[in-house]
Amino acid sequence: MRIGDLAAATGASVRSLRYYEEQGLLVADRTPSGQRVYGPAAVERVQLVQQLFAAGLPSRTIVQLLPCVDSGRATPESFALLVAERDRITAQLAELAAARDRLDEVIHISEHPTAEHCPALREPAAAAA
């Protein structure tokens, strides 16, 4: 099937499919005129890649995991890689939660300004001191 057909079958954009190929996530044969041609297994491969991206994995990690997928065998290394990615995402979640909490504080201050946080509310004598 051609790239447009694969895009239609998977819901992935043509641009995404080209990126997948660029990153080594998807393999295409080429016609004599250079057009990409994909086998029937490409649909399942693209769906898998989409699921792994949706799980927060970067393409470099997905490339490392694909041999395990292709062989049907997980390795201690692939398991460690997945755990490391989960830990990375957990750390990002903690950072985002902290940023949200700081933003909540800013929102509260903007709703209830005080002289402590807003120089315009300070007494002129206090500002000169």
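Rounded to the nearest 0.5 angstrom, Thr75 OG1 and Glu77 CD are separated by 4.5 Å. We find the CZ-CG distance between Arg86 and Leu93 to be 12.0 Å, quoted to the nearest 0.5 Å. Between atom CD of residue Glu22 and atom CG of residue Leu17 there is a gap of 12.0 Å, rounded to the nearest 0.5 Å. Annotation: the span from Thr10 atom OG1 to Leu6 atom CG amounts to 4.5 Å, rounded to 0.5 Å. Taken from CZ in Arg122 to NE2 in His117, the straight-line distance is 9.5 Å, to the nearest 0.5 Å. Atoms CD1 and CG, from Ile109 and Asp104 in turn, are 11.0 Å apart once rounded to the nearest 0.5 Å.
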Check the pair Glu105 / Arg102 against salt bridge (charged side-chain N to carboxylate O under 4.0 Å, His left out), numbers first and verdict last. CA-CA 5 Å; Glu105 291 172 16; Arg102 286 191 299 275; over 6 Å; no
Leu81 and Leu57: CA distance, side-chain angles, deciding distance, side-chain contact (heavy atoms from CB on, under 4.5 Å) verdict: CA-CA 10 Å; Leu81 189 58; Leu57 299 178; over 6 Å; no
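Residues Ser78 and Cys68 share a closest heavy-atom pair of CB-SG, 3.6 Å. The nearest pair of heavy atoms linking Gln50 to Ala12 is NE2-CB, 3.3 Å. The shortest non-hydrogen separation linking Met1 to Gly39 is CE-O, 4.3 Å. For the residue pair Leu66 and Arg45, the shortest heavy atom distance occurs at CD1-NH1, 3.3 Å. When all heavy atoms are compared, the tightest approach of Pro58 to Phe53 is C-CE2, 4.2 Å. In plain terms, the two heavy atoms of Tyr20 and Val46 that are nearest each other are CE1-CG1, 4.0 Å.
Under a hydrophobic clustering in which Ile, Leu, Val, Met, Phe, Trp and Tyr are joined whenever their side-chain heavy atoms come within less than 4.5 Å, directly or via other members, Val14 and Tyr38 fall into the same cluster. Hydrophobic clustering (ILVMFWY, side-chain heavy atoms < 4.5 Å, transitive): Leu52 and Val63 are in one cluster. Cluster annotation: Val37 and Leu26 are assigned to distinct hydrophobic clusters (Ile/Leu/Val/Met/Phe/Trp/Tyr, side-chain heavy-atom contacts under 4.5 Å, transitive).
By the neighbour-count criterion of 12 heavy atoms within 6.0 Å, atom CD of Glu44 is sparsely surrounded, having that number or fewer from other residues, nucleotides or ligands.
Glu21 meets the salt bridge (Lys or Arg N to Asp or Glu O under 4.0 Å) test with Arg30, Arg36; sequence neighbours excluded.
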